[in-house]
Number of protein chains: 2
Amino acid sequence: MSNNSVFIEKLRSSGLRPTRQRLQICKLLFDRQNTFHFSIQGLSKMIVNQHKEKKVSLATVYNTINAFKQKGYLKEISINSDKTYFDTNTSNHHHFFNESTNELIDLDNSEVGKIDIRKKIPGKKINSIEVIVKIANSN
Amino acid sequence: MSNNSVFIEKLRSSGLRPTRQRLQICKLLFDRQNTFHFSIQGLSKMIVNQHKEKKVSLATVYNTINAFKQKGYLKEISINSDKTYFDTNTSNHHHFFNESTNELIDLDNSEVGKIDIRKKIPGKKINSIEVIVKIANSN
DNA sequence: CAATAATTTATAATGATTCTAAAGTAGTGT
DNA sequence: ACACTACTTTAGAATCATTATAAATTATTG
């Protein structure tokens, strides 16, 4: 059980007041050993499953996650059109996507060789480089 | 003006009968010098703008594009959650995404150094490796 | 503790995509 | 050319994710 003040600070720095609902979301997202991937729907189900506290409306989940995303406390991962995933691992890294199971697996920056982009676009700078490695059962 | 028989074959091999609507879509997609990126909504507007022939319903556009995607005549590109793009360039390549303008630019395979994935997932094989380079104005 | 501004919530609105069922069209055999 | 069958098209309905709304609730500040 990590310190609430960490979460309160995370919320404040994202421009949000700490409320029961937002703190519950923080606990689910950040009070854990390993980073993880989730969808809004999945996160919402996790909240319902806890059912220790009262429910949190979908709108609040969206608002909170979007604020965290903007602040950089969460990363959005786009794999295919039909699902939006978020990642509590905000470090510079990439992903495997298992097309058989729709599962995401982290691919550390150190596990990918330097990516050499040889084409320059005049007047533009590179914001980020994202690699998605799609995998499937090898039979 | 390219030969219709090419389009008819493309449709047939995708499991679709050649119809006026589908041929019109083929012309827009494949009867051009350079490959290009489009969204369903954008393609639909292109069809309306031609207004030489009768309109094509959205459902037909979706059906046809999905069949081409499955057959591999089109590639789907996932950049962010709110837009699905397609690419008539089905060769192995990557993309720049201009976050200021929401514009996609091809990044040829030859313009990216070899991508070295050092992590192996047991029992899985790599289907594809996709690189997205997000760019913006460099001020 | 009261006043104010932010928040939560259920529900409505929106937008993309898929489904449906009736009307239209292509392919096949004659 | 004709008719039959199966596939298509279409408008509109249905669905799903996400965002907007507006009234009731709650946090903050003095």
Side-chain angles (χ1 to χ4, degrees), chain A residues 4-5 7-28 37-48 50-51 53-71 74 76-86 102, chain B residues 4-5 7-28 37-48 50-51 53-71 74 76-86 102:
Chain A
N4 256 18
S5 63
F7 303 149
I8 291 175
E9 177 46 28
K10 262 199 154 79
L11 288 166
R12 285 245 145 82
S13 60
S14 305
L16 300 177
R17 287 183 181 174
T19 62
R20 191 207 88 226
Q21 294 86 340
R22 288 170 176 164
L23 285 169
Q24 191 179 358
I25 291 172
C26 281
K27 255 183 228 152
L28 281 170
H37 307 111
F38 65 95
S39 66
I40 297 282
Q41 304 296 323
L43 180 59
S44 213
K45 276 189 198 118
M46 289 171 67
I47 294 170
V48 171
Q50 288 196 318
H51 63 61
E53 312 194 41
K54 276 178 286 175
K55 67 173 296 193
V56 177
S57 86
L58 252 189
T60 300
V61 178
Y62 272 104
N63 291 342
T64 307
I65 296 307
N66 281 334
F68 281 155
K69 178 178 73 175
Q70 273 200 291
K71 181 64 182 176
L74 292 173
E76 188 176 339
I77 307 168
S78 292
I79 300 297
N80 50 29
S81 36
D82 48 298
K83 274 242 169 90
T84 300
Y85 293 96
F86 294 90
N102 272 29
Chain B
N4 255 16
S5 61
F7 303 150
I8 292 174
E9 176 47 28
K10 263 199 153 76
L11 288 165
R12 286 245 145 82
S13 60
S14 305
L16 300 176
R17 286 184 180 171
T19 62
R20 191 207 90 226
Q21 293 88 340
R22 289 172 178 164
L23 284 169
Q24 191 180 357
I25 291 172
C26 280
K27 255 183 228 151
L28 281 169
H37 307 110
F38 65 94
S39 67
I40 296 282
Q41 303 298 323
L43 180 58
S44 214
K45 277 189 195 115
M46 291 171 68
I47 294 170
V48 171
Q50 287 196 319
H51 64 61
E53 313 193 42
K54 275 179 288 176
K55 66 172 296 195
V56 177
S57 85
L58 252 191
T60 300
V61 178
Y62 273 104
N63 291 341
T64 306
I65 297 306
N66 281 333
F68 281 155
K69 178 177 73 175
Q70 273 199 290
K71 180 64 181 177
L74 292 172
E76 188 176 341
I77 306 168
S78 292
I79 299 297
N80 51 27
S81 35
D82 48 296
K83 274 242 169 90
T84 300
Y85 293 96
F86 294 90
N102 272 28

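Chain naming here is simple, since letters A, B, ... match the order of the sequence lines and numbering starts at 1 in each.
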Taking all atoms of both residues into account, what is the closest heavy-atom pair of A/Asn102 and A/Tyr85, and its distance?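 Looks like O-OH, 3.4 Å.
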
What closest approach, in Å, do A/Leu11 and A/Cys26 show between heavy atoms, and which atom pair accounts for it?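 Residues A/Leu11 and A/Cys26, closest heavy atoms: CG-SG, 4.0 Å.
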
Output yes when at least one side-chain N/O atom of [X] is less than 4.0 Å from OP1 or OP2 of [N], else no.
X	N	value
A/Arg12	D/dT28	yes
A/Gln21	C/dT9	yes
A/Thr19	C/dA6	no
B/Arg20	D/dT8	no
A/Lys55	C/dT8	no
B/Tyr62	C/dT17	yes
B/Thr84	C/dA16	no

Checking contacts here: which listed nucleotide (C/dT7, C/dA10, C/dA16) is nearest the side-chain heavy atoms of A/Arg22?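 Of C/dT7, C/dA10, C/dA16, C/dT7 is nearest to the side chain of A/Arg22.
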
Identify which nucleotide among C/dA16, D/dA11, D/dC7 has an atom closest to any side-chain atom of B/Arg17, counting heavy atoms from C-beta outward.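 Nearest to the side-chain atoms of B/Arg17, counting from C-beta on, is D/dC7.
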
How do B/Pro18 and B/Asn66 order along DNA chain C: which one's closest nucleotide is nearer the 5' end?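 In this pair, the answer is B/Asn66.
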
Rounded off to whole Å, could you give me the [atom1]-to-[atom2] distance for the [X] and [N] pair?
X	N	atom1	atom2	result
B/Tyr85	C/dT17	OH	P	11 Å
B/Ile25	D/dT9	CD1	C1'	11 Å
A/Leu11	C/dA6	CG	C1'	13 Å
B/Leu23	C/dA26	CG	C1'	12 Å
A/Ile8	D/dA27	CD1	P	11 Å
A/Gln24	C/dT7	CD	C1'	15 Å
A/Asn63	D/dA17	CG	C1'	14 Å
A/Leu58	C/dA12	CG	P	15 Å

Need one value for B/Thr60: base, sugar-phosphate or nothing, where a base atom within 4.0 Å counts as base even if backbone is also close, heavy atoms only.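 Counting heavy atoms under 4.0 Å across all strands, the contact made by B/Thr60 includes a base.
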
Measuring only between side-chain heavy atoms, which start at C-beta, is A/Gln21 closer than 4.5 Å to A/Val61?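 They are not in contact (no side-chain heavy atoms under 4.5 Å apart), so the answer is no.
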
Compare all side-chain heavy atoms of B/Ile65 with those of B/Ile25 and state whether any distance is below 4.5 angstrom.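 Yes, close enough: below the 4.5 Å cut-off.
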
Test item: B/Arg12 side-chain N/O and B/Pro18 main-chain N/O as donor-acceptor pair under 3.5 Å: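 The answer is no, because no donor-acceptor pair under 3.5 Å joins these two groups.
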
